[in-house]
Amino acid sequence: MRRTKWKAASRAALALAGAGALAAGMALFATAPASAGTTLGASAAEKGRYFGTAVAGFKLSDSAYTTILNREFNMVTAENEMKIDATEPQQNQFSYGAADQIVNHARSRGMSVRGHTLAWHSQQPGWMQNMSGTALRQAMLNHVTQVATHFRGQVVAWDVVNEAFADGSSGARRDSNLQRTGNDWIEAAFRAADAADPNAKLCYNDYNTDNWTHAKTQAVYNMVRDFKSRGVPIDCVGFQSHFNNDSPYVSNYRTTLSSFAALGVDVQITELDIQGASATTYRSVVEDCLAVARCNGITVWGIRDSDSWRASQTPLLFNSNGSKKPAYDAVLAALNNGTTPPTTAPPTTVPPTTAPPTTAPPTTAPPTTAPPTTTPPGQGGCTATVTVNQWTGGFVANVRVTAGSSALNGWTVTIGLPSGATVTNAWSANRSGNTGTTNWTNVAYNGQVGAGQSTEFGFQANGTAGSLSPTCAAG
Ligand code: G2I
């Protein structure tokens, strides 16, 4: 049952960001320059992937923070707000305010959400820390059920179980109160999550599992293989990838990702940060993900260095003042060149490396009240504007879709291309037609746009754009 639904969800939700368009455009794309994306999210989407970040809810009032968040990322993980201590501070009293704020911020701007995390030995509320045995097992399963139910339909993937294996050479499970309820606690958590949210991707997530030769990596691998062989509903494995001098990036990382993927699960890089933020290492991580078809996307664990849990290691893509670091440029370049390097000369004018200045997304938090229900979704219409970057023989078009006076639940943009213009590549939208009249519809993650809010997609084409006049229709 789950498998069928999940396959649909995987295509619609987490295959993400124009994967269909990517597949459709792949043959043509191989002969075209690949320099289209100008933000991490758009460039990852062009490769059928996402680029996300951890978000701390209390920072959503910091406009410097939200400016970068809204511009660059298309996936969000709550850094702490969905953890057990945050969502069930007293037993059976659930608290979702902080998490809901993050989810609303993300989804109203067309970003998707990863849920983190349902069952974990750490950040347990006091009442849970003091429990054991059957009572703890039942409390854990109730927590998984309640929280996964609350966010059903709003998160595309859950870290169902986090960090359940021991460090070092033992390959054993980590000792914890949850582990002491019985070795089957992990699969029990997955089954409960599956029952509560059959469409979310269900992931096991851990750190120090990046090096293929490490005992911990092999132990998790063996668990996933066992789960797959017995039909335990696991869909994905998250590699936190907190790289530092004690736990460095190693070149067999790609082998790790591909080996897990070969078990029949998706793999995701879920908490990436790199001590010192070596541009070369960041580039390697992105290239490794792009080289593995089932690597869905990458999440960095914070935006600016000052946002990092390891701020003194300056491990992220933006300086504390919000400016892009060399690692940012390396990641963007890796996403843009990806697995399909250009075989023809690149355009003489490269696309801007910053977002188009015309209509910056709003930096204020979304309204805390629901949009009025008197105007049904879509009835306020939508508009589309286009920014063209033309070079001799080709162009990139970035199209901004803006909802009218009510939220959009899906959109279609129609663009008439002049004779001689042929689309070779597209991202963040599904396409029909690549010459003449072309129609573009939302992908799963950017169909819901709040009233007055915007989302973007883009395409690359041979020929001359002339003046394009896109039209937009809701639904
Ligand atoms: O430790 C890094 C990450 C390892 N993998 C799982 C992640 O969930 C984990 O994230 C970190 C957060 O980045 C920190 O922000 O998890 C820490 C707790 O295990 C978080 O730290 C906590 C502090 O311990 C609390 O004192 C503080 O109240 O952050 C809380 C909110 O700022």
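Every number for a ligand or one of its atoms is a count from 1 in the order of the listing.
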Begin with the C-alpha distance, continue with both residues' side-chain angles, and end with the deciding distance and a verdict on side chain to side chain donor-acceptor pair (under 3.5 Å) for Q313 and N245.
CA-CA 10 Å; Q313 295 185 0; N245 297 343; over 6 Å; no
Check against side chain to side chain donor-acceptor pair (under 3.5 Å), D305 and S320:
CA-CA 5 Å; D305 284 334; S320 298; 5.1 Å; no
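Rounding to the nearest 0.5 Å gives a distance of 10.5 Å between OG1 of T53 and CD of E72.
A salt bridge between R191 and D184 is absent, with no side-chain N of the basic residue lying under 4.0 Å from a carboxylate O of the acidic one. Between K324 and D329, none of the side-chain N atoms (NZ, or NE/NH1/NH2) sits under 4.0 Å from a carboxylate O, so this pair counts as no salt bridge. Salt bridge absent: R152 and D197 never bring a charged side-chain N and a carboxylate O closer than 4.0 Å. A salt bridge links D62 and R304; the closest N-O separation between the charged side-chain nitrogens and carboxylate oxygens is under 4.0 Å.
Nearest to atom 19 (O) of ligand 1 among the protein's heavy atoms is Q123 OE1, 3.0 Å. Atom 13 (O) of ligand 1 has E79 OE2, 2.5 Å as its closest protein atom, hydrogens excluded (heavy atom only). The protein heavy atom nearest to atom 4 (C) of ligand 1 is E271 OE1, 3.3 Å. Protein heavy atom at the shortest distance from atom 16 (O) of ligand 1 is K83 NZ, 3.0 Å.
Of all atoms in ligand 1, numbered sequentially from 1 with element shown, those under 4.0 Å from a heavy atom of E163 are 4 (C), 5 (N), 6 (C). Short contacts between ligand 1 and N162, defined as distances under 4.0 Å to a heavy atom of the residue, involve ligand atoms 6 (C). Per-residue contacts place Q240 under 4.0 angstrom from the following atoms of ligand 1 (heavy atoms of the residue considered): 4 (C), 5 (N), 6 (C).
In this model, no donor atom of one side chain and acceptor atom of the other lie less than 3.5 Å apart for D246 and Q275. Inspection of the W120 and E163 side chains reveals an N or O donor paired with an N or O acceptor under 3.5 Å.
Taking a 4.0 Å cut-off on heavy atoms, H242 registers as neighbouring ligand 1.
Within the 4.0 angstrom cut-off, atom 27 (C) of ligand 1 has no protein heavy-atom neighbours. Distance screen at 4.0 Å: atom 24 (O) of ligand 1 has no protein heavy-atom neighbour inside the cut-off.
Counting heavy atoms closer than 4.0 Å to ligand 1, residue W301 contributes side-chain atoms (C-beta onward) but none from N, CA, C or O. Residue contacts with ligand 1, taken as heavy atom pairs separated by less than 4.0 Å, involve W120 solely via side-chain atoms from C-beta onward. In N205, neither the side chain nor the backbone holds a heavy atom less than 4.0 Å from any atom of ligand 1.
When the heavy-atom distances from atom 21 (O) of ligand 1 to T77, D273, T117, N80 are ranked, the shortest goes to N80.
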